[in-house]
Amino acid sequence: MGGLGRTVSTGEATIGGPFTLIDQDGKTKADADFRGRFMLIYFGYSFCPDVCPTTLQEMSDAFAKLGSKKSRVVPVFITVDPARDTPHVLKDYLKSFGPEFVGLTGDAKQIAEAARAYRVFIRKHPLPGGNYSMDHSGVIYLMGPDGRFVTYYEDEIGPDRMADDLSKRL
Ligand code: NI
């Protein structure tokens with residue numbers, strides 16, 4: 001079973017919180033706009049070479065298995081690299097994962113605040129030639145229709161187990 005459905009036993013109430021960001025259509029989106037639906041949230045960035053695309057595909061595959069319960073949850077991708085992940089870049093990037101995905105970006109301060117609220121670790125990692133990658137945690141959060149933390153999934157859980165667990169909770 002691994003970590004399936006395990007809840008974080010300490011500080012549960014302090015994961016998540018208010019955010020105001022910009023979606024892939026350039027519209028302001030606050031956490032309150034998602035009330036009434038679950039949010040499946042992953043922080044990452046579109047230039048991520050391997051982990052982010054794998055995890056987003058996993059979320060997309062799990063989401064596809066939810067059938068009629070799909071409408072109860074919104075998959076949300078929050079960038080940790082707002083300098084490069086503009087709304088336009090996010091829009092293009094998320095096309096591969098499905099039209100239901102909401103991509104969120106913002107200014108550096110807004111992203112730092114959201115990451116802090118979700119206890120997401122971010123570190124810029126310079127690469128030769130002036131480029132950079134972003135080290136970041138790879139946890140997928142499930143937030144309830146009231147905006148409160150429900151559970152989290154490790155990124156290696158796989159779509160079948162994620163869908164099974166989500167199905168029970170939605
Ligand atoms: Ni990544």
Side-chain angles (χ1 to χ4, degrees), residues 2-8 11 14-17 19-26 29 31 34 38-66 73-143 149-163 165-166:
L4 178 63
R6 185 178 55 193
T7 52
V8 173
T14 66
I15 290 180
F19 60 72
T20 303
L21 296 166
I22 308 288
D23 74 9
Q24 71 264 51
D25 294 314
K29 273 265 162 47
D31 61 297
F34 296 91
F38 287 79
M39 290 187 286
L40 193 61
I41 302 185
Y42 183 68
F43 284 76
Y45 67 114
S46 72
F47 290 84
C48 185
D50 42 28
V51 178
C52 285
T54 305
T55 305
L56 288 169
Q57 190 57 52
E58 181 179 41
M59 287 168 68
S60 177
D61 291 346
F63 186 79
K65 290 172 189 284
L66 294 175
V73 59
V74 190
V76 179
F77 180 64
I78 303 181
T79 185
V80 299
D81 183 15
R84 291 186 293 192
D85 281 339
T86 62
H88 182 76
V89 168
L90 285 180
K91 193 173 175 111
D92 267 1
Y93 181 65
L94 290 173
K95 273 180 190 152
S96 336
F97 303 105
E100 300 87 357
F101 271 79
V102 173
L104 297 176
T105 186
D107 62 30
K109 184 165 174 279
Q110 289 170 317
I111 293 297
E113 282 169 2
R116 198 176 310 120
Y118 283 86
R119 300 186 180 192
V120 169
F121 160 86
I122 305 174
R123 188 174 54 203
K124 192 171 178 173
H125 181 78
L127 298 172
N131 216 332
Y132 63 91
S133 62
M134 301 294 286
D135 297 336
H136 64 95
S137 20
V139 176
I140 303 158
Y141 294 102
L142 182 67
M143 309 301 287
F149 174 82
V150 176
T151 191
Y152 72 95
Y153 305 106
E154 307 284 354
D155 56 7
E156 67 270 23
I157 185 172
D160 292 335
R161 289 168 66 207
M162 197 193 304
D165 190 69
L166 281 170

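For ligands, and for the atoms within them, numbers begin at 1 and follow the listed sequence.
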May I ask you to decide if the ring planes of Phe101 and Phe97 are parallel, tilted or perpendicular, using 30° and 60° as cut-offs? tilted
Tell me if a side-chain donor or acceptor on Asp85 pairs with a main-chain N or O of Ser46 at a distance below 3.5 Å. yes
Verify whether one side chain among Tyr42 and Asp155 offers a donor that lies under 3.5 Å from an acceptor in the other. no
For the Ni ion (ligand 1), protein N, O or S atoms at a distance below 2.8 Å amount to 3
Once you measure the plane-to-plane angle for Tyr141 and Phe149, does it fall in the parallel (<30°), tilted (30-60°) or perpendicular (>60°) bin? perpendicular
Checking the side chain of His136 only, and the main-chain atoms of Phe43 only, is there a donor and an acceptor separated by less than 3.5 Å? yes
Which residue pairs pass the salt bridge (charged side-chain N to carboxylate O under 4.0 Å, His left out) test with at least one member in residues 40-57, sequence neighbours excluded? none
